[in-house]
Amino acid sequence: MSAAQVSAMSLGLAGCEACGLVSRPPLGGVAAHCPRCGERLHFRRPASIERTWALVLAALILYVPANLLPVLSTYTPLGAATATIMEGVVELWSPSSWPLAIIVFVASITIPLGKLIALAYLLISVQRGSVESTGQRVRLYRMVKFIGRWSMLDVFVDTFVVALIQLRPLMWVEPGAGVIFFAGVVVLTMVAVNCFDPRLIWDLPQQEKQGNA
């Protein structure tokens with residue numbers, strides 16, 4: 001087995017996810033902690049696949065009411081009007097506001113759904129033991145983790161609008177139930193990304209190489 005095929009786990013080494021220090025945990029099932037920062041050490045995150053699947057499915061369930069329920073309710077002396085995320089995108093679509101409509105559509109609809117699809121793909125590929133496109137899957141994981149925080153754009157916009165438009169009794173705005181579900185989707189997907197252990201992507205290719213060595 002060449003040096004390029006050796007993994008840290010095969011040598012009994014574990015990397016600390018807090019400070020990055022690589023050390024050798026004690027044997028015998030004793031709980032190991034990083035000698036530098038005291039963080040709990042794991043060769044792989046415990047129940048990573050199961051926890052990530054649970055979070056992804058929960059986020060997918062919340063994604064439906066997040067897009068069907070109103071995220072903003074506008075009140076005037078003439079009556080009340082509500083708007084879902086997609087209705088807000090349609091209302092913003094005008095010669096002067098179409099760039100903002102595209103941003104809201106991408107950040108509020110495309111990115112959350114894309115994250116769920118990407119996480120499901122990573123989980124399925126790991127569970128099926130795929131040894132192909134490992135580099136591309138790692139880059140996909142990094143991209144999903146990077147863009148996760150931008151999914152909160154719609155929540156930030158709603159919060160800003162609610163705080164800005166409070167002209168009672170002429171006009172005022174209140175957040176709708178959809179905001180709560182949407183925030184739940186964003187939080188669950190961000191936690192799911194952190195629960196998924198990207199090192200699982202490389203385990204099977206390493207085992208495949210070691211078996212052929």
Side-chain angles (χ1 to χ4, degrees), residues 45 48-74 81-128 130 132-165 173-201:
R45 295 172 188 170
S48 173
I49 295 178
E50 294 81 359
R51 292 177 180 177
T52 307
W53 265 125
L55 292 166
V56 168
L57 293 176
L60 184 60
I61 293 173
L62 295 182
Y63 184 80
V64 177
N67 285 275
L68 296 180
L69 295 178
V71 294
L72 276 181
S73 298
T74 305
T82 60
T84 62
I85 295 176
M86 184 56 69
E87 289 173 346
V89 172
V90 173
E91 291 180 4
L92 286 172
W93 191 265
S94 65
S96 59
S97 302
W98 64 265
L100 181 58
I102 294 177
I103 292 175
V104 173
F105 177 80
V106 172
S108 303
I109 296 178
T110 306
I111 289 181
L113 183 60
K115 286 173 61 180
L116 292 174
I117 295 174
L119 285 170
Y121 165 71
L122 292 174
L123 289 165
I124 292 173
S125 64
V126 168
Q127 288 183 301
R128 293 184 60 185
S130 175
E132 300 178 354
S133 305
T134 51
Q136 288 84 347
R137 281 186 282 157
V138 170
R139 285 191 286 271
L140 176 63
Y141 170 79
R142 291 172 179 170
M143 182 177 67
V144 170
K145 188 172 184 178
F146 173 76
I147 66 177
R149 69 197 68 177
W150 298 104
S151 302
M152 289 294 285
L153 177 64
D154 195 71
V155 178
F156 292 151
V157 171
D158 287 347
T159 304
F160 177 76
V161 171
V162 170
L164 184 65
I165 305 178
V173 176
E174 294 180 356
V179 175
I180 300 176
F181 288 99
F182 184 82
V185 172
V186 175
V187 172
L188 288 176
T189 52
M190 292 177 67
V191 176
V193 171
N194 290 325
C195 283
F196 180 77
D197 195 335
R199 295 172 294 186
L200 296 172
I201 298 173

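None of these values were measured; they are calculated from a predicted model.
- Taking all atoms of both residues into account, the shortest heavy-atom contact from V144 to A118 is CG2-CB, 3.6 Å.
- Remark: M86 CE to T84 OG1 distance equals 7.5 Å, nearest 0.5 Å.
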(request) Test F181 against N67 for side chain to side chain contact (heavy atoms under 4.5 Å, CB included), laying out the working first. (result) CA-CA 9 Å; F181 288 99; N67 285 275; over 6 Å; no
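- Y141 places no side-chain N or O within donor-acceptor distance of the main-chain N or O of I201, the cut-off being under 3.5 Å.
- The CG atom of N194 sits 9.5 Å away from atom OG1 of T52, with the distance rounded to the nearest 0.5 Å.
- Rounding to the nearest 0.5 Å places CH2 of W53 at 9.0 Å from CG of L119.
- What you find for A59 and L188 is that their closest heavy atoms are N-CD1, 3.7 Å.
- The backbone N or O of F196 sits less than 3.5 Å from a side-chain atom of R45, completing a donor-acceptor pair.
- A distance-only check finds no donor-acceptor pair linking the side chain of S133 to the backbone of Q136 [under 3.5 Å].
- Side-chain contact between I109 and Y63 is present, with at least one heavy-atom pair separated by less than 4.5 Å.
- No side-chain heavy atom of T189 sits less than 4.5 Å from a side-chain heavy atom of P112.
- With hydrogens and angles disregarded, no donor-acceptor distance shorter than 3.5 Å links the side chain of S108 to the backbone of F105.
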(request) For the pair I49 and L200, evaluate side chain to side chain contact (heavy atoms under 4.5 Å, CB included) and give the outcome as yes or no after the intermediate values. (result) CA-CA 9 Å; I49 295 178; L200 296 172; 3.9 Å; yes
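- A distance of 10.5 Å separates CG in L116 from CG in L55, rounded to the nearest 0.5 Å.
- Between the side chain of S48 and the backbone N or O of C195, at least one donor-acceptor pair lies under 3.5 Å.
- Heavy-atom minimum distance, A66 versus V71: O-CG1, 4.3 Å.
- Once rounded to the nearest 0.5 Å, the distance linking CG of L123 with CD of E50 reads 9.5 Å.
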(message) Run the side chain to side chain contact (heavy atoms under 4.5 Å, CB included) test on M190 and V193 for me, step by step, so that the C-alpha distance in whole Å, both residues' side-chain angles and the decisive distance to 0.1 Å come before the verdict.
(response) CA-CA 5 Å; M190 292 177 67; V193 171; 5.9 Å; no
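- Contact of the L62 side chain with the F182 side chain is not registered, since no non-hydrogen atoms from C-beta on lie closer than 4.5 Å.
- Across K115 and V186, no two heavy atoms sit closer than the pair NZ-O, 4.4 Å.
- Here the OG1-CZ distance, from T134 to R139, works out to 8.5 Å after rounding to the nearest 0.5 Å.
- Minimum heavy-atom separation, V56 to A192: CG2-CB, 4.2 Å.
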